[in-house]
Amino acid sequence: MTARDLILGRLRAALAAPAPPPAEVPRDYRPAGAVAADLDVLADRLTDYRATVHRCADADVARVVDEVLGGRRVVVPPGLPPHWLPPGVTAVTDDGLDAARIAAVDGVVTAAAVAVAETGTIVLDGAPDQGRRVVTLLPDVHVCVLRADQVVATVPDALARLDPRRPLTWISGPSATSDIELDRVEGVHGPRNLHVVLTGEPGEG
């Protein structure tokens with residue numbers, strides 16, 4: 001018997017045997033809603049990722065935006081609440097702006113869809129108050145306004161709120177990468193500066 005015959009014989013014997021039943025998959029992982037969201041955990045994670053967190057009431061959002069971007073030009077999505085913008089900034093609404101005009105502004109102000117406290121992640125879904133992905137990629141500063149009732153504890157909680165058919169962007173801190181020497185470089189794939197304005201308290205709608 002040749003080696004070829006031996007190998008083919010073993011293959012035939014293996015294929016002739018009945019297939020084993022599928023393995024039992026454990027389903028005891030933590031489901032959505034098992035843990036309450038903790039705003040302090042979110043703020044801690046974001047700060048660890050080198051984002052700047054501002055806690056304030058909704059009525060004070062414009063003041064925070066003015067502190068970050070006052071006197072400069074910003075691009076905003078068409079559905080952004082106008083009371084978030086102070087008189088001290090020049091707002092350019094994205095109505096299909098080309099990349100050159102977006103890159104020429106100093107910052108962008110958007111809302112968010114949801115945020116995950118456990119991972120320090122903010123998710124944008126392209127809604128009118130968040131706009132196109134490109135407006136949050138090219139400006140150097142991204143100010144993202146997040147309501148406390150949009151903060152969930154875990155990724156399963158976030159997925160339960162999101163529509164997978166929408167263009168989802170998951171952000172954990174400012175854009176950053178590193179070379180083979182692990183030297184951190186910020187701003188290569190997005191804004192170098194991320195400011196998160198967290199408004200309200202848990203349970204407030």
Side-chain angles (χ1 to χ4, degrees), residues 21-65 68 76-85 94 108-137 141-177 189-191 193-205:
E24 186 70 24
V25 178
R27 302 291 183 183
D28 56 352
Y29 44 76
R30 186 171 54 187
V35 182
D38 189 323
L39 301 187
D40 292 330
V41 171
L42 175 66
D44 181 69
R45 298 288 191 274
L46 287 168
T47 301
D48 190 51
Y49 294 146
R50 302 192 185 183
T52 302
V53 179
H54 309 263
R55 306 276 291 265
C56 70
D58 183 74
D60 293 324
V61 170
R63 173 184 57 78
V64 176
V65 172
V68 177
V76 297
L80 191 79
H83 71 276
W84 287 354
L85 296 175
D94 176 38
V108 56
V109 182
T110 74
V114 68
V116 183
E118 187 175 67
T119 61
T121 304
I122 296 170
V123 187
L124 310 180
D125 69 358
D129 58 359
Q130 298 156 56
R132 298 184 295 156
R133 178 66 177 116
V134 67
V135 302
T136 61
L137 280 176
V141 181
H142 180 188
V143 177
C144 183
V145 183
L146 179 68
R147 300 191 317 271
D149 67 320
Q150 293 177 303
V151 179
V152 297
T154 67
V155 172
D157 293 307
L159 293 175
R161 290 196 182 193
L162 295 168
D163 182 348
R165 296 168 295 182
R166 297 192 64 82
L168 303 178
T169 302
W170 298 65
I171 302 170
S172 294
S175 168
T177 188
H189 308 296
N193 302 281
L194 174 64
H195 291 259
V196 179
V197 184
L198 184 56
T199 72
E201 296 297 332
E204 291 184 0

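Between Arg161 and Val152 there is a side-chain heavy-atom pair separated by less than 4.5 Å. Pro191 places none of its side-chain heavy atoms less than 4.5 Å from the side chain of Thr136. For the pair Leu39/Leu198, a side-chain contact is recorded, criterion being any heavy-atom separation below 4.5 Å from C-beta on. Side-chain contact between Trp84 and Asp129: absent, with no pair of heavy atoms (C-beta onward) separated by less than 4.5 Å. In this structure, Pro77 and Thr110 have side chains that are in contact, with non-hydrogen atoms separated by less than 4.5 Å. Using a 4.5 Å cut-off on side-chain heavy atoms (C-beta onward), Leu85 and Val76 make contact. Within the 4.5 Å cutoff, no side-chain heavy atoms of Thr121 are placed close to those of Ile171. With contacts defined as side-chain heavy-atom distances shorter than 4.5 Å, the pair Cys144/Ile122 qualifies.
Here the closest non-hydrogen pair linking Ala36 and Ala153 is O-CB, 3.6 Å. The minimum heavy-atom distance between Ala158 and Val114, with the atom names listed, is CB-CG1, 4.1 Å. Smallest separation of non-hydrogen atoms from Arg50 and Pro174: O-CG, 3.5 Å. Residues Gln130 and Val135 come closest through the heavy atom pair O-CG2, 4.2 Å.
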Original post:
Given the rule in the side chain to side chain contact (heavy atoms under 4.5 Å, CB included) test, do Thr52 and Leu194 qualify, once you have shown the distances and angles that lead to the verdict?
Top reply: CA-CA 6 Å; Thr52 302; Leu194 174 64; over 6 Å; no
**OP:** Kindly determine whether Leu124 and His142 satisfy side chain to side chain contact (heavy atoms under 4.5 Å, CB included), including the steps that lead there.
**Re:** CA-CA 12 Å; Leu124 310 180; His142 180 188; 4.1 Å; yes
**OP:** Would you please test Arg132 and Asp94 for side chain to side chain contact (heavy atoms under 4.5 Å, CB included) and show each step?
**Re:** CA-CA 8 Å; Arg132 298 184 295 156; Asp94 176 38; 2.8 Å; yes
Subject >> Criterion side chain to side chain contact (heavy atoms under 4.5 Å, CB included) on Val108 and Val143, from CA distance to verdict >> reply: CA-CA 6 Å; Val108 56; Val143 177; over 6 Å; no
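Remark: the backbone N or O of Arg166 is not paired with any side-chain donor or acceptor of Asp125 at under 3.5 angstrom. Side-chain N or O atoms of Gln150 include one that pairs as donor or acceptor with a backbone N or O of Ala112 at under 3.5 Å.
Ion pair Arg45/Asp38 not flagged as a salt bridge, since none of the NZ, NE, NH1 or NH2 atoms sits closer than 4.0 Å to an Asp/Glu carboxylate oxygen.
Annotation: the span from Leu46 atom CG to Leu146 atom CG amounts to 8.5 Å, rounded to 0.5 Å. The OG1 atom of Thr199 lies 10.0 Å from the CZ atom of Arg55; values are rounded to the nearest 0.5 Å.
Close placement of the His54 and His195 rings is indicated, their centers lying within 6.0 Å of each other.
With hydrogens and angles left out, the side-chain atoms of Thr47 and Asp44 include no donor and acceptor closer than 3.5 Å.
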